[in-house]
Amino acid sequence: MTTEASGPGDAAGLMVKAEQVHKSFGLVEVLKGINLEVRQGEVFCLVGPSGSGKSTFLRCINHLEKVNAGRLYVDGQLVGYRQKGDKLYELKEREVAHQRRDIGMVFQRFNLFPHMTAVQNVMEAPVQVKGVRPADARARAEVLLDRVGLADRMDNYPAQLSGGQQQRVAIARALAMDPKLMLFDEPTSALDPELVGEVLDVMRALAADGMTMIVVTHEMGFAREVGDSLVFMDEGAVVEAGNPRDVLTNPQHRRTQAFLSKVL
């Protein structure tokens, strides 16, 4: 991992590349020139106080938020825009949706369809977006629900599941699109403490399988154990970056030290 951006031609082995990414909401600048790179197969953790821009950056990666300046690449492709000469032209929504098919996202809230069972939630996008035959989509959904430990809950509705179980369904739903990149936006923050572990176990298994993951998290133990790289953000900027064990054990920046003293 590096926070120094280079040209898009240097992108061999990179899954995500951010070059001077800026994002504002009105007069408030939320991202102030983010440069970072995420390699294929890497577990990349973003930590920092609330309001530091972590979740906004995550949403920019799949163009749920539009950047005001800079460039974002996923697997060598410019996200949300087409470049002609020195100018950028925003892609049509259909083209953006096509890009998003390769990026799975798991939110703080599970956002499951309440009128669908677990297996129906997981098979919905492949059927509707990719045109997969329902029988094939269901077979794949059953495999994924088994993978996240919910083989016995396939026909349960979200209201019949715990928060941890609903989040695991949400992870299976994201995996059903066969993404090349998974984004996790504080996936355990809405869970009761005793349910956090079951979701983190699924994420550990994904990491072990080589899935490229960007994880916004307050779970420092997970970042230390599973993360390959860690970035500490504050006020829309990267303050410190490096190996998670090094940053968490021996932070160099005073702002990082102050934050970690409160959460570790």
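Residue numbers start at 1 and run along the sequence shown. Predicted model only: the values in this text are computed from it and were never measured.
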To the closest 0.5 Å, what do you measure between CG (Leu161) and CG (Leu150)?
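Spacing of CG (Leu161) from CG (Leu150) equals 7.0 Å.
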Taking the six-membered ring for Trp, are His63 and Tyr81 closer than 6.0 Å centroid to centroid?
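Between His63 and Tyr81, the centre distance is under 6.0 Å.
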Validation row: His218, Val47 side chains within 4.5 angstrom (heavy atoms):
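No, every pair of side-chain atoms sits at 4.5 Å or beyond.
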To the nearest 0.5 Å, atom CD of Gln166 lies from atom CD1 of Ile171 at 12.5 Å
Is it possible for you to say whether Met182 and Val216 belong to one hydrophobic cluster, with membership spreading through side-chain heavy-atom contacts below 4.5 Å?
no
Would you say Arg82 and Glu95 make side-chain contact, with heavy atoms under 4.5 Å?
yes
So which heavy atom on Met15 is nearest to which on Lys180, and how close?
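Of all heavy-atom pairs spanning Met15 and Lys180, the closest is CE-O, 3.5 Å.
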Is Arg59 reaching over with its side chain to a backbone N or O of Glu65, donor-acceptor style, under 3.5 angstrom?
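No.
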Steps toward side chain to side chain contact (heavy atoms under 4.5 Å, CB included) verdict (Ile214, Leu181):
CA-CA 8 Å; Ile214 303 179; Leu181 169 67; 4.2 Å; yes
Looking only at atom types and distance, does a side-chain atom of Asn68 sit under 3.5 Å from a main-chain N or O of Ser24, one as donor and one as acceptor?
yes
Considering non-hydrogen atoms only, spot the tightest contact between Gly227 and Cys45 and give its length.
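That would be CA-SG, 4.1 Å.
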Do the side chains of Val226 and Leu230 join up, straight or via other hydrophobic residues, at under 4.5 Å, putting them in one cluster?
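Unlinked, Val226 and Leu230 end up in two clusters.
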Between Lys23 and Phe25, is NZ or CZ placed under 6.0 angstrom from the six-membered ring centre and within 45° of the ring axis?
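Yes, Lys23 sits over the ring of Phe25.
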Taking the side chain as everything from C-beta on, heavy atoms only, tell me whether Tyr73 gets closer than 4.5 Å to Ile61.
no
Pairwise distance CG(Leu183) to CD1(Ile103) - rounded to 0.5 angstrom
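If I round to the nearest 0.5 Å, the distance is 6.0 Å.
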Do we see a donor-acceptor contact under 3.5 Å between the side chains of Arg71 and Gln20?
no
Would Leu175 and Leu206 count as a side chain to side chain contact (heavy atoms under 4.5 Å, CB included) if you check the C-alpha gap in whole Å, the side-chain angles of each, and the deciding distance to 0.1 Å?
CA-CA 10 Å; Leu175 292 173; Leu206 288 177; 3.7 Å; yes
Taking the side chain as every heavy atom from C-beta outward, state whether Met203 and Met211 have any atom pair closer than 4.5 Å.
no
Check Arg173 with Glu124, please: is the shortest side-chain N to carboxylate O separation under 4.0 Å?
no
Answer yes if Met116 and Val127 sit in the same cluster of Ile, Leu, Val, Met, Phe, Trp and Tyr residues linked by side chain heavy atoms under 4.5 Å apart, and no otherwise.
no
Euclidean distance, Thr249 OG1 relative to Arg224 CZ, rounded to 0.5 Å:
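Here the rounded value is 5.5 Å.
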With a 4.5 Å heavy-atom cut-off, do Phe184 and Met213 have their side chains touching?
yes
Of all heavy-atom pairs linking Met233 and Pro49, the shortest is O-CD, 3.4 Å
Where do Leu248 and Ala223 come nearest, in terms of heavy atoms and distance?
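Residues Leu248 and Ala223, closest heavy atoms: CD1-CB, 4.5 Å.
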Are the charged groups of Arg147 and Glu142 less than 4.0 angstrom apart, N to O?
no
Kindly say whether Thr117 contributes a backbone atom to a donor-acceptor pair with the side chain of Gln120 at under 3.5 angstrom?
yes
Any side-chain donor-acceptor pair under 3.5 Å between Thr256 and Glu240?
yes
Taking 4.0 angstrom as the limit, do Glu235 and Arg255 come out as a salt bridge?
no
Heavy-atom side-chain contact between Glu198 and Ser162 under 4.5 Å:
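Yes, side chains in contact.
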If you round to the nearest 0.5 Å, how far is CD of Glu219 from OG of Ser189?
9.0 Å
Verify whether one side chain among Asp185 and Ser55 offers a donor that lies under 3.5 Å from an acceptor in the other.
yes
Can Gln167 and Thr188 be counted as having a side-chain donor-acceptor contact under 3.5 angstrom?
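Result is no, nothing qualifies.
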So, taking the atom named OG1 in Thr212 and the one named CG in Leu14, what distance separates them when rounded to the nearest 0.5 Å?
10.5 Å
Criterion salt bridge (charged side-chain N to carboxylate O under 4.0 Å, His left out) on Asp75 and Arg39, from CA distance to verdict
CA-CA 9 Å; Asp75 202 17; Arg39 307 201 73 80; over 6 Å; no
What pair of heavy atoms forms the shortest contact from Leu72 to Ala18, and how long is it?
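Looking at all heavy atoms of both residues, the shortest contact is CD2-CB, 3.7 Å.
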Donor-acceptor pair, Glu42 side chain versus Asp228 backbone, under 3.5 Å?
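Answer holds: no.
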On a heavy-atom basis, which atom in Gly163 and which in Leu195 lie closest, and how many Å separate them?
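So the two residues come closest at N-CD1, 4.0 Å.
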Start with the C-alpha distance between Val215 and Phe222, add both sets of side-chain angles, then the distance that settles side chain to side chain contact (heavy atoms under 4.5 Å, CB included), and finish with yes or no.
CA-CA 10 Å; Val215 185; Phe222 174 86; 4.3 Å; yes
If you count the non-hydrogen atoms of other residues, nucleotides and ligands that lie under 6.0 Å from NZ in Lys66, is the total more than 12?
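It does not: Lys66 NZ has 12 such atoms or fewer within range.
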Is Tyr157 reachable from Leu144 through a run of I, L, V, M, F, W or Y residues, each pair having side-chain heavy atoms under 4.5 Å apart?
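Unlinked, Leu144 and Tyr157 end up in two clusters.
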Residues, nucleotides or ligands: over 12 heavy atoms within 6.0 Å of Arg109 CZ:
no
Quick one: do Val16 and Val231 end up in the same hydrophobic cluster if we chain Ile, Leu, Val, Met, Phe, Trp and Tyr together by side-chain heavy atoms under 4.5 Å apart?
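Same hydrophobic cluster.
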Is any side-chain heavy atom of Val67 closer than 4.5 Å to a side-chain heavy atom of His22?
no
Is the closest side-chain heavy-atom distance between Phe44 and Leu36 below 4.5 Å?
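Yes - at least one pair of side-chain heavy atoms lies under 4.5 Å apart.
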Chi angles and distances behind the side chain to side chain contact (heavy atoms under 4.5 Å, CB included) call for Asn62, Met105
CA-CA 9 Å; Asn62 60 5; Met105 188 159 186; 3.4 Å; yes
